[in-house]
Q: 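This is the structure I want to talk about, given as structure tokens.
This one's a predicted model, so the numbers in the text were calculated from it and none came from an experiment. By convention here, the first residue in the shown sequence is residue 1.
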Amino acid sequence: MIANAILVFFTAVMLCIFNPFSGVLSVTPREDTIAANYITYRMAVIAYVEDHSSFMGEADMSDLSLPSGFQELNAWRNYIDATAIYVYGPYDPGVLLEISERLDGTRLFGISDSGNLVSPLYGNVETLPSWCEDSVIISMVRR
């Protein structure tokens, strides 16, 4: 157990020093814009839940406090249950990496695969609810 903790610590340090994505993959302007769009939508969903703490289900786009002129660039969706907020949408590898970077490599962001949330940096990190479809970009925020 201690050996695993030491290995994880040194891996994290190495990732901070030698960012594996730096310069290896270039993000297109389209991917950058879609990633920013996802982050904006995600933040609006989180703010909605903060203001409506007992809400469960899918928050409608019209109920979210999105910036004036916001246009959804992908089919972003959300689901809120008693334990977490889920924001998800179509998979795109470049968008996935850009969102991961913008979320500072959070463990609870990645791709849904066979009922699991698979982080691009940490691998299989969480079991997802049965309603979650496979092969979508998804973030999870605990309530």
Q: I need the Ile80 CD1 to Ser53 OG distance, nearest 0.5 Å.
A: 11.5 Å
Q: Taking salt bridge (Lys or Arg N to Asp or Glu O under 4.0 Å) as the definition, give me every residue that meets it alongside Glu72, ordered by chain and number, with sequence neighbours left out.
A: none
Q: Which pairs with one or both residues in residues 87-99 pass side chain to side chain donor-acceptor pair (under 3.5 Å), sequence neighbours excluded?
A: Arg30-Asp92, Glu98-Arg102
Q: Once side-chain hydrogen bond (donor to acceptor under 3.5 Å, both in side chains) is applied, do any residues pair with Asn37, and if so which ones, sequence neighbours excluded?
A: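 Asn37: side-chain hydrogen bond (donor to acceptor under 3.5 Å, both in side chains) contacts with Trp76.
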Q: Between Val49 and Tyr41, is there shared hydrophobic-cluster membership here, with clusters defined by ILVMFWY side-chain heavy atoms closer than 4.5 Å?
A: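 In one cluster with Val49: Tyr41, yes.
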Q: Check ring-ring contact (aromatic ring centres under 6.0 Å, His included) between Tyr79 and all other residues, then give those that pass, not counting sequence neighbours.
A: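 Trp131.
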Q: Mind checking the OH-CD1 spacing from Tyr48 to Ile85? Nearest 0.5 Å is all I need.
A: 11.5 Å
Q: Side-chain heavy atoms under 4.5 angstrom apart, residues restricted to Ile, Leu, Val, Met, Phe, Trp, Tyr: same cluster for Ile111 and Leu97?
A: no
Q: Can you confirm whether more than 12 heavy atoms, excluding those of Met43, are under 6.0 Å from its CE atom?
A: no
Q: Can you sort out the partners of Thr127 under side-chain contact (heavy atoms from CB on, under 4.5 Å), two or more places apart, ordered by chain and number?
A: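 So Thr127 forms a side-chain contact (heavy atoms from CB on, under 4.5 Å) with Asn116.
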Q: Salt bridge (Lys or Arg N to Asp or Glu O under 4.0 Å) with Glu50: which residues, sequence neighbours excluded?
A: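 None.
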Q: Can you sort out the partners of Glu126 under salt bridge (Lys or Arg N to Asp or Glu O under 4.0 Å), two or more places apart, ordered by chain and number?
A: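 Expected list: Arg142.
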Q: To the closest 0.5 Å, what do you measure between CG (Leu121) and CG (Leu103)?
A: 11.0 Å
Q: What distance separates Ser139 OG from Asn78 CG, expressed to the nearest 0.5 Å?
A: 10.0 Å
Q: When rounded to the nearest 0.5 angstrom, what distance separates OH in Tyr122 from CG in Leu117?
A: 12.5 Å
Q: Would you say the side chain of Ile137 lies within less than 4.5 Å of the side chain of Pro90, judging by non-hydrogen atoms?
A: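 A side-chain contact under 4.5 Å is absent here.
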Q: Do Phe55 and Val141 sit in one hydrophobic cluster, given that two such residues count as connected whenever their side-chain heavy atoms are within less than 4.5 Å of each other, even indirectly?
A: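 Same cluster.
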Q: Restricting to pairs with a member in residues 59-71, which pass salt bridge (charged side-chain N to carboxylate O under 4.0 Å, His left out), not counting sequence neighbours?
A: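 Found none.
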Q: Which atom pair, heavy atoms only, marks the closest approach of Leu64 to Ala59?
A: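 Minimum heavy-atom separation between Leu64 and Ala59: CD2-CB, 3.9 Å.
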Q: Give the minimum heavy-atom separation between Val125 and Ser119, together with the two atoms involved.
A: CG1-CB, 4.3 Å
Q: What closest approach, in Å, do Ser100 and Phe109 show between heavy atoms, and which atom pair accounts for it?
A: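 Nearest heavy atoms, Ser100 then Phe109: N-CE2, 3.6 Å.
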Q: Please answer whether the main-chain N or O of Gly89 pairs with a side-chain N or O of Asn74 as donor and acceptor at a distance below 3.5 Å.
A: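 No: the side chain of Asn74 does not pair with the backbone of Gly89.
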Q: Using the side-chain contact (heavy atoms from CB on, under 4.5 Å) criterion, which residues pair with Pro67? Sequence neighbours excluded.
A: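 Residues passing side-chain contact (heavy atoms from CB on, under 4.5 Å) with Pro67: Thr40, Phe70.
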Q: Could you list the residues that satisfy side-chain contact (heavy atoms from CB on, under 4.5 Å) with Ser112, not counting sequence neighbours?
A: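 Only Leu128, Cys132, Val136, Ile138 meet the side-chain contact (heavy atoms from CB on, under 4.5 Å) criterion with Ser112.
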Q: Does any pair with a residue in residues 104-114 pass salt bridge (charged side-chain N to carboxylate O under 4.0 Å, His left out), and if so which ones, sequence neighbours excluded?
A: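 Pairs touching residues 104-114 that pass the test: none.
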Q: What residues, two or more places apart in sequence or in another chain, satisfy side-chain hydrogen bond (donor to acceptor under 3.5 Å, both in side chains) together with Thr83?
A: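 With sequence neighbours excluded, Thr83 shows a side-chain hydrogen bond (donor to acceptor under 3.5 Å, both in side chains) to Asp81, given in chain and number order.
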Q: Can you check whether Val87's main-chain N or O pairs, donor with acceptor, with Tyr38's side chain at less than 3.5 Å?
A: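 Yes; judged by distance alone, with no hydrogens or angles, the pair exists.
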